[in-house]
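The figures here come from the full heavy-atom set of this structure, side chains too, leaving out hydrogens, waters and symmetry mates. Order of the sequence lines sets the chain letters (A, B, ...), proteins ahead of strands, with each chain counted from 1.
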Protein chains: 2
Amino acid sequence: MTCDITIKDVAKQANVSVATVSRVLNGLDRVSDQTRKKVLKVVKELNYVPNTMAASMITKQTQMLAVVVPEIENPFYTSVIKGTVNVAKERGYNTFVFSTNDSESEEDTFFESSLRRNVDGIVLIGAHKDPVFYQKMNKPVILVDRYIDGCGLDGVIIDNFGGAYEATKYLIEYGHRDIAIITGPQTFNDGTERYWGYQQALKDNGIELVSDYQKHGDWFENNGYQSTKELMKLPKPPTAIFAANNLICQGTIKALRDLDLTIGLDVSLVGFDANDLAEFVKPRVSVVKRPTYEMGTHAAEMLIEKLKQVEKNESFPKKVTLGVELQKFGSVKYLG
Amino acid sequence: MTCDITIKDVAKQANVSVATVSRVLNGLDRVSDQTRKKVLKVVKELNYVPNTMAASMITKQTQMLAVVVPEIENPFYTSVIKGTVNVAKERGYNTFVFSTNDSESEEDTFFESSLRRNVDGIVLIGAHKDPVFYQKMNKPVILVDRYIDGCGLDGVIIDNFGGAYEATKYLIEYGHRDIAIITGPQTFNDGTERYWGYQQALKDNGIELVSDYQKHGDWFENNGYQSTKELMKLPKPPTAIFAANNLICQGTIKALRDLDLTIGLDVSLVGFDANDLAEFVKPRVSVVKRPTYEMGTHAAEMLIEKLKQVEKNESFPKKVTLGVELQKFGSVKYLG
DNA sequence: TTGAAAGCGATACCAG
DNA sequence: CTGGTATCGCTTTCAA
C-alpha cells in the first residue's frame, strides 16, 4: 500500500516509456502482448497505484460525484444517499456526501467545494427556492424529491399529489369527514403537492376545508407531536389525521400514545413515507410508501448518463416522477 | 459559477504574474496592499474558483478525508458519519462516505480508491480482522468502535465491557438471576467485550452461566427477534434479557410485543445503544447509551491533529475510550 | 514585493 | 507498436 510510486518509476523499471505504461493501464491503445505483460508485472511488483488527480487534470473528469441532502440523519435521505452511492460505485465513481441542514448558505459552501474539486456531477436535494439560482449551474445536476419549476434541471420526484390524494380518499371512503393534515412548509413541491392532494380529495367529495384541521409547521417529529396534541384538544377533534412525512407521523404516533388514544379506534391515521414506529405499533399504520432507495439509484443513473453525453444536444430538462403506493393496514376505522 | 477560468486568466487580467495571484489567494507571502486588492477585484469579477486538484499535486495534500462504515443505513453509523463530516467541514476538509456491507473485499476496493485519490486520512469502522492488514496502512487512520489489538493504529472506542457489566449488574440488583444475552459475533472487541461484561457481572455475583441463555448471532434486528422467541420458548425462560446492540434490541422489543409479553412485567429488558423503539414503548426500555456523534467528532479531530504533525515522532498508537451511561427506565422489574 | 520557470503525475498527440 | 513531449492548473524556489 503505497502511493509514492509514480508512472515514471514503473516506466523506468520496465524499460519502456511512460506513454506505454499509460496505454497499458488504460487498456486503450494497441500494445504488444509482451510489453503489456512486462509492464503489468512491474506494476504489481512495485505496488503501483495511479494518481487519479493527475489524470483528471488532463481528462477533465474526476470520477467524483456529490450528493447533497438537508439532513444525513433522516432515514429517508440516508436511503437516497445509499442508492446514489451504490450506483456511483458500480459505475466507477466515488461520492461526496454533504449535509446542509437545509440552509441555503451551507449549500452554497458545498457548491463551491464541488466546483473547486471539479466533481463531475451533483445529486441534489436542495435548499434553494429560487429557480434562477439553479439556472446558473454549469454542472450536471439532478434534483431529487424537490423540484423547482423553471430551473432548467433534470429531476427525480415522486407523485406527491397522487399519494396525498389517495391517502385522503381512503379516509373519506371509510366514512371520515373530519380529516386533519399535519404537514411541513409550503416552500417546495413536496409540501405544496401533498397539501393540494389532500385539498382536492376533500373537494372532490364535497367536504369543506376546516382551517383548524390544517397544521403547517416544519417536517420534524416535534411538529407532528405538538400539532396532534392541539388537534385533539379542539372542541370537535378530527376523526382522522394525515401525517405528511415520516417524522411528523412518528410525532403523531407518540402524541396519540401519550394521550392514551388508540390508533384505528379513537383516531384514524395515515402517514406519508415509511417509518419505524408506523411499522411497529398495533394496528400498524397505513402509509403512502415511496421508493426512496430507487430515487437515489435513478438519480445517479440519470446523472451518469448525462455525463456521457456531455456534448450532445442540450435537450429539455427531464423530470421523472416515480409512483407511490398506499399501503393499508388497520389504522383507519370504518365509520360506515 | 464557472470553473473554466484559471489562475492565468486572473493574472493576465490583473497585469500580474500567476505567482502573485497564488500568493494573494493563499495569503502567504508579503504582497503589497495595492496588488492584493487589484487581484482580489479581478478574482471576483471573473468569478474565479481555484482548482483544488492542481494545488494538491504540488502540496501533496488533498484536504479530503474518507469515512468508511459497514452500513450507512444503521443510525449508529449515520451518527458517527455526521460527527466526522461536521468536524471535517469546520476544518476545511471534504469527506467521502463509503459503506462496505462489512465485507473485507469491498473495504479493499475503497482503500484503493482512497489511495488513488490521495485522501489525507481515513476514519474507519473496519471489516478486516487481521492486525497485519492494518499495519500495512501508510496513511493516517483512526479506527472507530472496533479496535484490532496490535494493529498499530489510533482508535476511538467505547467502554463496551463497562457498559455490559453495568447493565447486567443492574438486572442482578433487581433480583434477576435468569438473565439472557442476545449479541453479535465475537469477531471484534464490540462483541467480545460486551459478552465479557455480561459474563463477569454474573460471575461476580455467583450466578452460573447457562448456555441456553446466550444467543450469539449477527448484529441485525432479525437476530433479536428470533433469538427472543427461542428464549421465551425455553422450559424455563429467562426473566431478563440484555440486548447487545440497537438493532437486536429493536428485534427483541418486536418479538415480545408479538408474544404478548409486557416489558418490565413479564420480561425485563436492557439494551445497548439508543434506538427508536426503546424510546417509544411504555415502559421505556433502559439502555446503555454511548456517545455516537462524539465518536465521530473525536475521531475526526484526532485524525486532523495527526495530519498536522506528519513529520513528528511516530508516537505509540493512541486508543481513546469514551464512557457510556446506563439510562434506567421502567423496563426492569424489581424481583426483590 | 514581484516575476520566471521548474515541476507535480498523469494523458495524448505526433513522429518514427 | 512505441517514445518524446507539450500540457493540465497550480505552488514554490530563485532571481531580480
Side-chain angles (χ1 to χ4, degrees), chain A residues 2-40 42-43 46-64 92 112-120, chain B residues 2-40 42-43 46-64 92 112-120:
Chain A
T2 15
C3 50
D4 32 329
I5 307 266
T6 77
I7 197 171
K8 278 187 192 165
D9 301 318
V10 177
K12 197 178 296 172
Q13 185 80 11
N15 267 318
V16 295
S17 70
V18 292
T20 301
V21 177
S22 178
R23 285 191 195 100
V24 172
L25 260 39
N26 294 306
L28 299 173
D29 249 13
R30 2 8 30 151
V31 180
S32 83
D33 231 44
Q34 211 181 358
T35 36
R36 155 167 283 105
K37 275 177 189 156
K38 190 168 57 177
V39 170
L40 254 22
V42 174
V43 164
L46 261 44
N47 238 311
Y48 167 65
V49 178
N51 182 330
T52 311
M53 284 184 318
S56 300
M57 292 206 54
I58 295 175
T59 62
K60 301 296 177 200
Q61 296 199 2
T62 55
Q63 302 289 113
M64 300 194 295
E112 195 180 314
S113 291
S114 299
L115 279 180
R116 297 174 101 99
R117 295 209 180 280
N118 253 300
V119 302
D120 290 339
Chain B
T2 16
C3 51
D4 32 328
I5 306 266
T6 77
I7 197 172
K8 279 186 191 165
D9 301 318
V10 177
K12 196 176 297 172
Q13 186 81 10
N15 267 317
V16 296
S17 71
V18 292
T20 301
V21 178
S22 178
R23 286 192 192 99
V24 171
L25 260 39
N26 294 306
L28 299 174
D29 251 11
R30 332 86 314 182
V31 180
S32 83
D33 231 43
Q34 209 182 359
T35 35
R36 154 168 285 105
K37 275 177 189 155
K38 189 168 55 177
V39 170
L40 255 21
V42 174
V43 163
L46 261 43
N47 238 311
Y48 167 65
V49 178
N51 182 330
T52 310
M53 284 186 317
S56 300
M57 292 206 54
I58 296 176
T59 61
K60 302 295 177 199
Q61 296 199 4
T62 55
Q63 301 290 112
M64 300 193 296
E112 196 181 313
S113 291
S114 300
L115 280 179
R116 298 174 101 100
R117 295 207 181 283
N118 254 301
V119 302
D120 290 337

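Note: A:D120 CG to A:N118 CG = 7.5 Å, rounded to the nearest 0.5 Å. Separating the CD1 atom in B:I5 from the CG atom in B:N51 is a distance of 13.0 Å, to the nearest 0.5 Å. The structure places NZ of B:K38 at 12.5 Å from CG of B:D33, a figure rounded to the nearest 0.5 Å. Interatomic distance, CG of B:L46 versus CD of B:Q13, reported as 5.5 Å (0.5 Å rounding).
The residue B:S22 sits close to a base: some heavy atom pair falls under 4.0 Å. At a threshold of 4.0 angstrom between heavy atoms, the contacts of B:A55 are confined to the sugar-phosphate backbone, with no base atom among them. Nucleic acid contact class of B:V21 (heavy atoms, under 4.0 Å, all strands): none. B:T35 comes within contact range of the sugar-phosphate backbone alone, with a heavy-atom separation under 4.0 Å but no base atom that close. Residue contacts for B:S56: at a heavy-atom cut-off of 4.0 Å it reaches no nucleic acid atom on any strand shown.
At the phosphate of C:dG9, neither OP1 nor OP2 sits under 4.0 Å from any side-chain N or O atom of A:T6. Taking side-chain N and O atoms only, A:K60 has a distance below 4.0 Å to OP1 or OP2 of D:dG9.
The distance from atom CD1 of A:I58 to atom P of D:dT5 is 16 Å, rounded to the nearest whole Å. The CZ atom of A:R116 sits 13 Å away from the C1' atom of D:dG9 (whole-angstrom rounding). The separation between A:N26 atom CG and C:dG9 atom P is 17 Å, rounded to whole Å. Taking atom CG of residue A:D33 and atom P of nucleotide D:dC1, one finds them 10 Å apart after rounding to whole Å. Atom-to-atom, NZ of B:K8 to C1' of D:dC10 comes out at 10 Å; the value is rounded to the nearest Å. In this structure, the CG atom of A:L25 is 7 Å from the P atom of C:dT11, given to the nearest Å. Rounded to a whole Å, the CG atom of B:N51 is 18 Å from the P atom of D:dT7. Going from atom CG of B:D9 over to atom P of D:dG9 covers 9 Å, rounded to whole Å.
Here the side chain of B:S32 is nearest to one of C:dA4, D:dT2, C:dT1, namely C:dT1. Closest to the B:R23 side chain, of the nucleotides D:dC14, C:dA10, D:dT11, is D:dC14. The side chain of A:I7 lies closest to C:dA10, out of C:dC8, D:dC1, C:dA10. Residue B:V31 has its side chain nearest to C:dT2 when only C:dT2, D:dT12, D:dC8 are considered.
B:T52 contributes a side-chain N or O that, together with a main-chain N or O of A:R116, makes up a donor-acceptor pair within less than 3.5 Å.
Nearest-nucleotide positions on DNA chain C for A:V18 and B:T20 put B:T20 closer to the 5' end. Mapped onto DNA chain D by nearest heavy atom, B:A19 and B:M57 fall at different nucleotides, with B:M57 at the one closer to the 5' end.
With A:L40 as the partner, the side chain to side chain contact (heavy atoms under 4.5 Å, CB included) test is satisfied by one option alone out of A:V24, A:V21, A:V10: A:V24.
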